[in-house]
Amino acid sequence: MTIRLLIVDDDPLVRAGLTFMLGGAEDIEIVGEAADGTQVAPLVERCAPDVVLMDIRMPAMDGLTATEALRARPDAPEVLVLTTFHADEQVLRALRAGAAGFVLKDTPPERIVSAVRRVAAGDPVLSPAVTRQLMTHVAGTSPGATPDTRRRGAAGRLATLADREREVAYAVGRGRSNAEIAADLYMSVPTVKAHVSRVLAKLGFNNRVQIALLVHDADPATGDGGDRGGDVR
């Protein structure tokens with residue numbers, strides 16, 4: 001399958017570099033380029049990308065606003081955020097809006113290609129360690145919210161899940177893959193996938209990254225013992 005990719009960055013040199021690097025992959029087709037968030041919606045309509053590689057800081061409409069608008073659409077493409085920061089409140093906001101993860105602009109080319117492939121396949125690109133770093137960095141993300149109120153709100157949302165669904169959600173928050181969750185909880189991989197789908201539907205989420213962030217909101221210590229540096233997937 002060929003992955004249709006839209007590149008969004010206000011720096012023409014960065015766009016050219018990304019186009020050269022990603023366009024060289026046999027399974028990736030660059031279907032469009034945008035220099036600003038205002039151009040994203042029309043290009044998505046015209047080019048129908050599978051993945052949008054989205055810069056955050058752009059002049060007229062930043063990538064954050066563009067991501068929120070894009071992910072609110074039905075059948076929206078996946079969004080992979082480009083950033084220069086490991087921990088940035090804007091990155092967290094993009095993840096909460098439904099972005100499937102982020103890559104740093106200085107990431108080696110082969111890893112950016114791998115990230116695009118994984119996001120296209122439905123595997124969010126975000127490690128448990130980075131999740132905790134983001135949560136610590138953005139303790140005041142929600143206006144007027146304190147860590148305690150955010151924790152109570154997240155715990156309340158998780159409490160709406162059935163017991164098994166909640167166990168699966170916490171496993172996702174620890175960075176476990178479907179196979180690992182199946183082994184830990186003595187269930188089949190298809191059953192794990194079904195539970196994850198129900199959790200996403202009940203919480204109104206787009207992907208597993210958002211489950212992991214909610215779990216960390218509810219219990220910031222979650223995952224400390226299980227983080228092996230792997231990606232949430």
Side-chain angles (χ1 to χ4, degrees), residues 1-9 14-35 37 39-56 63 66-83 91 94-95 97-105 107-127 130 168 172 175-182 188-201 204-212 230-233:
M1 183 189 96
T2 299
I3 301 166
R4 298 172 61 81
L5 180 68
L6 172 64
I7 295 174
V8 185
D9 196 293
V14 171
R15 290 200 309 276
L18 289 169
T19 298
F20 177 79
M21 174 179 62
L22 292 162
E26 292 182 357
D27 57 341
I28 297 176
E29 177 187 359
I30 310 300
V31 296
E33 296 181 24
Q39 301 170 4
V40 172
L43 279 171
V44 166
E45 288 283 354
R46 186 163 72 246
C47 302
D50 301 305
V51 178
V52 177
L53 190 58
M54 182 87 74
D55 187 21
I56 285 185
T67 296
E68 290 172 335
L70 187 58
R71 291 299 298 171
R73 297 160 51 110
D75 301 321
E78 298 292 350
V79 176
L80 183 61
V81 173
L82 274 172
T83 180
V91 172
L95 294 173
F102 70 89
V103 290
L104 301 176
K105 287 190 175 181
T107 298
E110 65 275 9
R111 295 180 67 179
I112 295 181
V113 171
S114 174
V116 169
R117 288 172 175 154
R118 287 179 51 196
V119 165
D123 293 333
V125 180
L126 185 67
S127 73
V130 171
V168 170
V172 170
R176 296 291 195 258
S177 67
N178 286 340
E180 290 170 329
I181 296 172
S188 68
V189 171
T191 300
V192 173
K193 291 180 178 179
H195 280 306
V196 171
S197 294
R198 284 197 291 271
V199 170
L200 290 170
F205 286 162
N206 292 299
N207 58 47
R208 294 166 71 113
V209 171
Q210 293 170 304
I211 297 175
D231 291 325
V232 174
R233 57 180 181 268

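What's counted below: heavy atoms across the whole structure, side chains too, no hydrogens, waters or symmetry copies. Along the sequence shown, the residues carry numbers beginning at 1.
- A donor-acceptor contact shorter than 3.5 Å is absent between the side chain of Ser114 and the backbone of Glu110.
- The OG1 atom of Thr2 sits 9.0 Å away from the CG atom of Asp50 when rounded to the nearest 0.5 Å.
- Nearest heavy atoms, Val189 versus Ala179: CG2-CA, 4.0 Å.
- Listed by chain and number, the residues in a side chain to side chain contact (heavy atoms under 4.5 Å, CB included) with Lys105 are Asp9, Asp55, Leu82, Thr84 (sequence neighbours excluded).
- Within the structure, side-chain hydrogen bond (donor to acceptor under 3.5 Å, both in side chains) contacts touching residues 15-31 (residues at least two apart or in different chains) are Arg15-Glu33, Thr19-Glu33, Asp27-Arg117.
- The main-chain N or O of Pro77 is found under 3.5 Å from a side-chain atom of Arg71 such that the two form a donor-acceptor pair.
- A pairwise comparison of heavy atoms in Leu43 and Pro49 identifies O-CD, 4.4 Å as the closest pair.
- Note that CG of Leu70 is 10.0 Å distant from CD of Glu78, once rounded to the nearest 0.5 Å.
- For the salt bridge (charged side-chain N to carboxylate O under 4.0 Å, His left out) test, residues two or more places apart in sequence or in another chain that qualify with Glu45 are Arg73.
- Here the shortest heavy-atom pairing between Met54 and Ala66 reads CE-CB, 3.9 Å.
- The side chain to side chain contact (heavy atoms under 4.5 Å, CB included) test applied to Pro42 returns no partner, not counting sequence neighbours.
- Every salt bridge (charged side-chain N to carboxylate O under 4.0 Å, His left out) that Arg198 has, sequence neighbours left out, goes to Glu165.
- Contact of the Ile181 side chain with the His195 side chain is not registered, since no non-hydrogen atoms from C-beta on lie closer than 4.5 Å.
- By the side chain to side chain contact (heavy atoms under 4.5 Å, CB included) test, Phe205 pairs with Arg157, Leu200, Leu203, Gln210, Ile211, Leu214, sequence neighbours left out.
- The distance from atom CD1 of Ile30 to atom CG of Leu5, rounded to the nearest 0.5 Å, is 4.5 Å.
- Residues passing the side chain to side chain contact (heavy atoms under 4.5 Å, CB included) test with Ser188 are Pro190, Thr191, sequence neighbours excluded.
- Contact between Ala25 and Val113 at its shortest, heavy atoms only, is CB-CG1, 4.2 Å.
- When each of Leu22, Leu104, Leu80 is tested with Ile112 by the rule side chain to side chain contact (heavy atoms under 4.5 Å, CB included), just one qualifies, namely Leu22.
- Residues satisfying the side-chain hydrogen bond (donor to acceptor under 3.5 Å, both in side chains) test with Thr107, not counting sequence neighbours, are none.
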